[in-house]
Amino acid sequence: MIFYFSAEGDSQWVARKLAAATQDVLISIPEVMGSRKPFILKKGERMGFVFPVHGWRVPTIVRTFLSRLTVESAEKPFTYAVVTAGDNIGLTVDRYLNKALSANRSLKSIHVHQVDSAYSILMPETYVGLPFMDIDTKEKEIKKKTEANEMLKVICEEVFDKKEGVFRLHKGRWSWINSQLLGAFFEKVLITDKPFHVVSDRCVRCGICAQVCPTGDLMGGKGEEPHWKHDGSCLSCFNCYHHCPHHAIEYGRRTKHKGQYYFK
């Protein structure tokens, strides 16, 4: 069973590749957030978690899901994670994912306290919420995707074989500072929908932005200009921004003249 969250589509691509290689069931985290039914693992079935890194930490939607997750299994499952990032992941797995897993009583009952193996895959940069950050060049995007595809072949083989103790992680040089200090700033200050706004003369009211929002934070649809709910559910994943066909969505002045990216 593979639980995944994806915004711009990189992690979804990874999850689908893993599902095809292992024949394990694919579960979209946003689609099951409201469910309280236990997930039942078959004998020998793996349990995987796939998601993008947000601010060198586990995305809030994934952490919330993990706190509510109930799993039933007759045996301890091989448990792994594959996370995607534009540069490095800091302590996303070592501290934040494993901490969330160890705090879950249901997982403790099946002897899961942390992942048995974990991987990170570098994908094109998507975060544009700070003045000095933009998407990668087309050449860098192609290079990252090519290398990611080769790495994913190895990951699929090792996950299929349930190879334990493998940790191929791009932690970065300043992993503690990035995850602990900058990550805290990211969550407290930068995860907000308040700066998002629509440039009306560019908006064609197609409704794509509302359709791709993973938390349903956007109101609007075909024929209606979108607006944000400001209910605290926004992940600042920029999925709405990147999918807008006319670049009609901006994040304050920070995204002016910046590029857009989502997995194709």
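For the single chain, residues carry numbers from 1 onward in sequence order.
Without hydrogens or angle criteria, Ser106 side chain to Val71 main chain gives a donor-acceptor distance under 3.5 Å. Put simply, the side chain of Ser117 gets close to the backbone of Gly165: a donor and an acceptor are under 3.5 Å apart. Within the 3.5 Å criterion, the main-chain N or O of Gly86 finds a donor-acceptor partner in the side chain of Lys144. No side-chain donor-acceptor contact under 3.5 Å links Ser179 to the backbone of Trp176. For the pair Arg46 (side chain) and Asp24 (backbone), a donor-acceptor distance under 3.5 Å is absent. Within the 3.5 Å criterion, the main-chain N or O of Glu125 finds a donor-acceptor partner in the side chain of Asp136. Asn104 places a side-chain N or O within 3.5 Å of a backbone atom of Leu69 that can act as its donor or acceptor partner. In this structure a side-chain-to-backbone donor-acceptor pair under 3.5 Å is missing from Thr255 to Lys258. With His242 contributing its side chain and Thr126 its backbone, the two residues share a donor-acceptor pair below 3.5 Å. Between the side chain of Glu75 and the backbone N or O of Gly44, at least one donor-acceptor pair lies under 3.5 Å.
Annotation for Glu8 and Tyr261: closest pair CG-O, 3.4 Å, computed over non-hydrogen atoms. Heavy-atom minimum distance, Phe51 versus Ser11: C-OG, 3.3 Å. Of all non-hydrogen atoms in Asp10 and Pro124, the two that sit nearest each other are OD2-O, 4.0 Å. Nearest heavy-atom pair, Leu66 versus Ala100, reported as atom, atom and distance to 0.1 Å: CD1-CB, 3.8 Å. Shortest non-hydrogen contact noted between Ser236 and Ile191 is OG-CA, 3.3 Å. Nearest heavy atoms, Trp56 versus Gly90: CD1-N, 3.8 Å.
Residues passing the side-chain contact (heavy atoms from CB on, under 4.5 Å) test with Arg202 are Val199, His247, Ala248, Glu250, sequence neighbours excluded. Legend: residues meeting salt bridge (Lys or Arg N to Asp or Glu O under 4.0 Å) with Asp94, ordered by chain and number and at least two apart, are Lys171. Applying the ring pair (Phe, Tyr, Trp, His ring centres under 6.0 Å) rule to Tyr127 yields the partners Phe186, Phe238; only residues at least two apart in sequence or on another chain are considered. Evaluation of the side-chain contact (heavy atoms from CB on, under 4.5 Å) rule for His227 yields Met219, Glu224 as partners, not counting sequence neighbours.
Listed by first and then second residue, the salt bridge (charged side-chain N to carboxylate O under 4.0 Å, His left out) pairs that reach into residues 57-72 are Arg57-Glu187, Arg63-Glu187, sequence neighbours excluded.
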Show me the side-chain donor-acceptor pairs of residues 147-154 shorter than 3.5 Å, one per line, residues at least two apart or across chains.
from, atom 1, to, atom 2, distance (Å)
Glu147, OE2, Lys143, NZ, 2.7
Glu150, OE2, Lys153, NZ, 3.2

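In the hydrophobic clustering of ILVMFWY residues, with side-chain heavy atoms under 4.5 Å counting as a link, Leu235 and Phe3 come out together. Leu182 and Leu91 are assigned to two separate hydrophobic clusters, defined by single-linkage of ILVMFWY side chains at heavy-atom distances under 4.5 Å. Following chains of ILVMFWY side-chain contacts shorter than 4.5 Å, one can reach Leu130 starting from Tyr251, so the two form part of one hydrophobic cluster. Transitive grouping of hydrophobic side chains (ILVMFWY, heavy atoms separated by less than 4.5 Å) brings Val128 and Phe185 into a common cluster. The hydrophobic clustering, which links ILVMFWY residues whose side-chain heavy atoms are closer than 4.5 Å, places Val189 and Met133 together.
Within a 6.0 Å sphere centred on CZ of Phe160, heavy atoms belonging to other residues, nucleotides or ligands number 12 at most. Applying the 6.0 Å contact sphere to CZ of Arg16 captures no more than 12 heavy atoms from other residues, nucleotides or ligands. A 6.0 Å sphere centred on CZ of Arg36 holds more than 12 heavy atoms belonging to other residues, nucleotides or ligands. By the 6.0 Å contact criterion, NZ on Lys229 is enclosed, its count of non-hydrogen atoms from other residues, nucleotides or ligands being greater than 12. No more than 12 heavy atoms of other residues, nucleotides or ligands shown are found within 6.0 angstrom of NE2 on His111.
One side chain, Tyr119 or Glu158, offers a donor N or O that lies under 3.5 Å from an acceptor on the other. Side chains of Asn88 and His170: a donor-acceptor N/O pair is absent below 3.5 angstrom, by distance only. Side-chain polar atoms of Ser233 and Asp231 form a donor-acceptor pair below 3.5 angstrom.
At least one side-chain heavy atom of Phe49 sits under 4.5 Å from a side-chain heavy atom of Leu101. The side-chain heavy atoms of Ser6 and Phe263, taken from C-beta on, include no pair separated by under 4.5 Å. Counting heavy atoms from C-beta outward, Val198 and Trp228 have side chains that approach closer than 4.5 Å. Residues Val50 and Ile2 are in side-chain contact: their nearest non-hydrogen atoms beyond the backbone lie under 4.5 Å apart. Between Tyr96 and Val53 the shortest side-chain heavy-atom distance does not fall below 4.5 Å. Considering only heavy atoms from C-beta on, Val83 stays 4.5 Å or farther from Pro52 through its side chain. In this structure, the side chains of Pro77 and Ile110 come closer than 4.5 Å at one or more pairs of heavy atoms. Contact of the His54 side chain with the Thr60 side chain is not registered, since no non-hydrogen atoms from C-beta on lie closer than 4.5 Å.
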_Run the ring-ring contact (aromatic ring centres under 6.0 Å, His included) test on His243 and Tyr262 for me, step by step, so that the C-alpha distance in whole Å, both residues' side-chain angles and the decisive distance to 0.1 Å come before the verdict._
CA-CA 7 Å; His243 278 83; Tyr262 62 89; 4.1 Å; yes
*Go through Phe65 and Phe5 one step at a time and tell me if the ring-ring contact (aromatic ring centres under 6.0 Å, His included) criterion holds.*
CA-CA 10 Å; Phe65 171 75; Phe5 164 67; over 10 Å; no
*Are Val58 and Lys99 close enough, and set up right, to give a side-chain contact (heavy atoms from CB on, under 4.5 Å), and what steps lead you there?*
CA-CA 10 Å; Val58 178; Lys99 182 179 180 180; over 6 Å; no
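Note: Tyr80 and Phe78 meet the aromatic proximity criterion, with ring centroids under 6.0 Å apart.
Checked for salt-bridge contact, Lys76 and Asp116 meet the test: a charged N lies under 4.0 Å from a carboxylate O.
Atom CG in Leu97 sits 9.0 Å away from atom OG1 in Thr92 (nearest 0.5 Å). Lys222 contributes atom NZ, which lies 9.5 Å from atom CD1 of Ile208 (distance to the nearest 0.5 angstrom). Between the NZ atom of Lys42 and the OG atom of Ser73 there is a distance of 12.5 Å, given to the nearest 0.5 Å. Taken to the nearest 0.5 Å, the CG atom of Leu122 stands 14.5 Å off from the NZ atom of Lys145. In this structure, OG in Ser102 is found 6.5 Å from NZ in Lys108, a value given to the nearest 0.5 Å. Distance CE/Met123 to CH2/Trp13: 5.0 Å, rounded to 0.5 Å.
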